[in-house]
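First comes the structure, then the notes that go with it.
Lettering of chains follows the sequences in order, A, B, ..., and the numbering in each one begins at 1.
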Amino acid sequence: MASKWYNLAVKKTDLQLLGTLNGGQSFRWKLDNSGNKEQWIGIFDHKLWILEQENDAIKYQVYGDEENVNENEKEYSKLLKNYFNLDINLQEYYKQWSDADPYFKKASKQFYGIRILKQDITENIFSFICSSNNNISRITSMIEKLATFYGNKICTLNDTTYYSFPTINNLCVENVEKKLSENGFGYRAKYISKTAKFINENGGDLWLEKLKEMKYMDARKNLMNLSGVGPKVADCICLMSLGHLEAVPVDTHVYQIATRLYLPKLGNKKTVTEKVYQEIGECFRNMYGPLAGWAHTILFCADLKKFQQNQDENSEPITKRKKK
DNA sequence: TGGCCTCCTACCCT
DNA sequence: AAGGGTAGGAGGC
């Protein structure tokens with residue numbers, strides 16, 4: 001049965017779906033161009049959501065919500081506001097960040113309305129374990145496999161069945177590592193199975209709840225006890241699931257940006273050691289303040305190849321890539 | 001010695 | 001063919 005259409009009043013300048021949903025934060029959103037309007041189809045909070053961007057609003061449908069057959073628009077809009085962190089007055093921050101950094105100012109022209117999502121912690125831990133040495137399309141297909149193998153069915157729509165992300169318990173069943181290995185997860189198969197078991201043995205949901213209460217650095221340290229979670233993945237989880245908006249995930253892109261624009265002295269190290277990593281994070285926090293991780297995400301988007309094709313002629317990329 | 005830092009390599013796949 | 005990182009281990013101080 002088709003869902004009703006709802007309306008969430010938010011300007012495109014305050015929430016741009018393209019950069020927010022397709023910028024490497026979440027791997028569960030697909031852009032569907034087949035109809036007469038662009039639609040984003042994705043899953044969070046055990047529901048299937050269909051979103052359409054308009055200039056002054058997001059139009060949306062919700063599927064697979066059995067608990068809430070009464071079509072509670074208030075509840076849905078609360079969920080969306082939370083998911084997109086809409087309490088944060090982004091335009092204010094964009095101003096501050098633009099004043100602090102001319103490179104940000106330049107990037108913000110195209111990359112307006114980029115929001116940090118507040119994502120489910122379990123989904124995020126395993127998604128970013130999958131992200132190492134990997135690209136967005138392959139990560140996306142891995143997450144899809146995890147959901148179809150071990151998640152619960154949400155609904156079927158237009159002949160596609162959608163599944164929720166598996167629980168920790170579901171990832172602790174027999175032969176997870178073997179099955180994932182056979183399905184192209186590579187060395188991450190072992191990380192996933194080990195991490196699920198570790199969390200389970202250390203309290204399961206309770207371990208996660210404790211994590212949510214910790215300060216940034218404590219949460220980061222605890223996350224790094226998980227197999228397959230180093231500094232960068234831990235920071236992704238802190239930033240996108242735990243609300244630690246000061247966390248700055250430093251991957252090779254960010255390392256390149258930082259050494260090119262802000263910290264030339266760090267030069268070309270062969271490996272980013274924890275100390276160098278911290279120094280880059282501090283540099284961003286000094287420049288942008290307590291939401292540095294959010295600001296850094298805009299620079300990160302601007303550096304993504306997939307978005308650089310969208311640049312208009314007059315605006316140069318904020319950072320020049322090395323010639324190939 | 002321990003502790004801390006740095007560097008190296010393997011790892012799956014497309 | 002090199003990449004949106006981590007683990008594990010070696011070597012230096």
Answer yes when [X] and [Y] have at least one side-chain N-carboxylate O distance shorter than 4.0 Å, and no when they do not.
X: A:Glu182; Y: A:Lys178; result: yes
X: A:Glu144; Y: A:Lys30; result: yes
X: A:Arg220; Y: A:Glu274; result: yes
X: A:Glu213; Y: A:Lys210; result: no
X: A:Glu54; Y: A:Lys37; result: yes

Starting at [atom1] of [X] and ending at [atom2] of [N], how long is that distance when rounded to a whole Å?
X: A:Lys275; N: C:dC13; atom1: NZ; atom2: P; answer: 16 Å
X: A:Asn134; N: C:dG5; atom1: CG; atom2: C1'; answer: 10 Å
X: A:Phe300; N: C:dG4; atom1: CZ; atom2: P; answer: 9 Å
X: A:Glu274; N: B:dC4; atom1: CD; atom2: P; answer: 13 Å
X: A:Arg220; N: C:dG5; atom1: CZ; atom2: P; answer: 14 Å
X: A:Leu266; N: B:dT6; atom1: CG; atom2: P; answer: 11 Å
X: A:Gln278; N: B:dT6; atom1: CD; atom2: P; answer: 12 Å
X: A:Asn135; N: B:dC12; atom1: CG; atom2: C1'; answer: 12 Å

Does A:Arg188 get its side chain close enough to the base of B:dC12, under 3.5 Å, for a donor-acceptor pair?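 Pair found.
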Pull out every protein N or O sitting under 3.5 Å from an N or O of nucleotides 6-8 of chain C, one pair per line with the distance.
from: C:dT6; atom 1: OP1; to: A:Gly230; atom 2: N; distance (Å): 2.9
from: C:dT6; atom 1: OP1; to: A:Gly230; atom 2: O; distance (Å): 3.2
from: C:dT6; atom 1: OP1; to: A:Lys232; atom 2: N; distance (Å): 3.3
from: C:dT6; atom 1: OP1; to: A:Val233; atom 2: N; distance (Å): 2.9
from: C:dA7; atom 1: OP1; to: A:Leu226; atom 2: O; distance (Å): 3.3
from: C:dA7; atom 1: OP1; to: A:Gly228; atom 2: N; distance (Å): 2.9
from: C:dA7; atom 1: OP1; to: A:Val229; atom 2: N; distance (Å): 3.4

Phosphate contact (B:dT6 OP1 or OP2) by A:Thr271 side-chain N/O below 4.0 Å: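 So the side-chain polar atoms of A:Thr271 never come under 4.0 Å of the phosphate oxygens OP1 or OP2 of B:dT6.
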Hey, does A:Phe128 reach any base, or is it just sugar-phosphate, or nothing, if we go heavy atoms under 4.0 Å?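 Here A:Phe128 touches no strand at all.
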So, for A:Phe185 and A:Tyr191, is the gap between ring centers shorter than 6.0 Å?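 They do not qualify: ring centres at least 6.0 Å apart.
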Please map the stems of DNA chain C, keeping only stretches of three or more Watson-Crick or G-U wobble pairs with both distances under 3.5 angstrom.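 Detected stem regions: B:3-11 with C:5-13.
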Over 12 non-hydrogen atoms of neighbours within 6.0 angstrom of OH in A:Tyr93: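 Atom OH in A:Tyr93 is not packed in, count stays at 12 or less.
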Is the closest side-chain donor-acceptor distance between A:Thr167 and A:Asn169 under 3.5 Å?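 No.
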Do A:Thr161 and A:Thr156 meet the criterion of a side-chain donor-acceptor pair at a distance under 3.5 Å?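 Checked: A:Thr161/A:Thr156 side chains pair up, N/O donor to acceptor below 3.5 Å.
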